[in-house]
Structures are given as structure tokens and as C-alpha cells.
Amino acid sequence: MSQAYFPVGPGLGLEENFLSLDDILMSQEKLPGRAESALPRLALALGHGPGGAESVPEGSKLEIPLWLAKGLHDSKRRIISVELPKIYKEAWRTVFSADANVVDLHKMGPYYYGFGSQLLNFDNPENPEIAQSILQTFINRFRRIMDSSQNTYNEDTSALVARLDELERALFQVGQKGLNDFQCWEKGQASQITASSLVQNYGKRKFTEADV
């Protein structure tokens, strides 16, 4: 039976992939910020009053969806300023550097990696440290995630998966599927071993880049 929808992976960079449901949901996540000038007709969109025609006064504290924050952010005109969510601040970066595996990433932010990458669009002096922390967190957690996906055959993994962000959950599912396919092949229930979806997608991407 053919699939009605073929999942598209997240962009995982400075720009979202709006063919990806994960990126669409991630772009709705909110950032703390401040109105650096009056924002006409945005009160309703930003939760500052019932009237769509009302303005947001200068200096107002805001909770801005990522997609709107990127649209309004202009370092020259100073329309809004954006603050770091607490999980990307120095205190939490210290926790991640000590032991990233103890953090419940899904509770802190279901799109930790994607959302953190998007924060690099804003002019923040801590951007290099944020980027390094996100990369190192992924490296430190990746091996444990994949080891777990290969050693939990026919076991309840709900407690483990509950602590993963959405990207990590996708990686865990890929690992589980690879293990399941191998088990089926060993039992003679599959005619051949096929390349994993990660390898296939990487090959397609390299082929596309070669055509450009």
C-alpha cells in the first residue's frame, strides 16, 4: 500500500524547509522579546489585545513565534529585539557540557536542535557558543541513542523515547527499523538487505548537488 504522505526531513540550518511538517511546527515555537518601536496592527497576532487594528506599544515584552520574529527582525531598523530562551543560555550550556544525556530534551523543547539553529539568524554575541553547544550536545547524545535503538528489540522504549527531541526520535526510529530489517533478513523473512533511508537520502542529496 502506497503512503499518502512521504515524510520530508527538517532543514537543520539557518532556513526552515517548509515541506517538512517538523519545521512548520518548529516555526510556531515562541521567543521572548521586546518591541523596540510601536507595532501597528500586530496586537492580536502578538496577544496584546482583542482588536486586530491595535498597536503594540514601544517597550512591550513579547512572546513572538519564530516565523514572525524572523520577519520582523532587522538589525538596522530595530523593530524588535529577541532574547535567548533559557535552555540556550550559559547556565544550561554548562549543564549540557557536563552531561548532555541527563537532560530531558523533549520537556525543555521538542525541537531543540532545529530551533537552536534558527536562533543563529539573530544578532547575538553568544551565537558561536550556542552553535558549539548544539553540535556538542548532538555528538554526546547520538551514540547513546543509536546504541539504545540497537539493543531494545521487541522491548518497550516509550520511557526512553519520551526524553528525546523530535530529531533524536527520528534517528531512534531509523535505528529500530534497521535492526528490525536485519532480524527479518536473518530469519529468512527478507530476500535482501537494502540501504537505510539515511544513506539513500544522502546519495540523492549529493546527486542533486552535482547537477547544480
Minimum side-chain heavy-atom gap Ile80-Leu68 below 4.5 Å: no
I want to check something: taking the side chain as every heavy atom from C-beta on, are Gln150 and Gln176 in contact at a cut-off of under 4.5 Å? no
Any salt bridge linking Arg93 with Glu126? Criterion: basic side-chain nitrogen under 4.0 Å from a carboxylate oxygen. yes
Geometric class of the His73/Phe122 ring pair [parallel <30°, tilted 30-60°, perpendicular >60°]: perpendicular
Parallel under 30°, tilted from 30 to 60°, perpendicular over 60°: which one fits the rings of Phe138 and Tyr113? perpendicular
Is a side-chain donor-acceptor pair under 3.5 Å present for His106 with Glu166?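 There is such a pair (donor and acceptor under 3.5 Å, judged by atom type) between the side chains of Glu166 and His106.
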Regarding Glu36 and Ser81, do their side chains bring together a donor and an acceptor under 3.5 Å, going by distance alone?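 The answer is yes; a qualifying pair exists.
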Between Glu168 and Leu105, does a side-chain contact (heavy atoms from CB on, under 4.5 Å) hold up when you go through it step by step? CA-CA 9 Å; Glu168 292 176 337; Leu105 269 193; 3.7 Å; yes
Might you point out which heavy atoms bring [X] and [Y] nearest each other, and give the distance in Å?
X      : Y      : answer
Trp92  : Met108 : CZ2-CE, 3.5 Å
Pro110 : Glu29  : CG-OE2, 4.3 Å
Asn101 : Arg163 : O-NH2, 4.2 Å
Asp165 : Gly109 : CB-O, 4.1 Å
Leu62  : Ala35  : CD1-N, 3.7 Å
Leu119 : Pro85  : CD1-CD, 4.0 Å

Listed by chain and number, what are the side-chain hydrogen bond (donor to acceptor under 3.5 Å, both in side chains) partners of Gln136, not counting sequence neighbours?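 Asn140.
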Can you tell me how far CG of Leu160 sits from OG of Ser148, rounded to the nearest 0.5 angstrom?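 Result: 5.0 Å between the selected atoms.
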With clusters defined by side-chain heavy atoms of hydrophobic residues (ILVMFWY) lying less than 4.5 Å apart, directly or transitively, does Val102 cluster with Phe172? yes
Ignoring hydrogens and geometry, is there a side-chain-to-backbone donor-acceptor pair from Ser149 to Met146 under 3.5 Å?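 Indeed, once roles are kept as given, a pair shorter than 3.5 Å links the two residues.
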Please check this pair: side chain of Tyr88 against backbone of Gly116, looking for a donor-acceptor N/O pair closer than 3.5 Å. yes
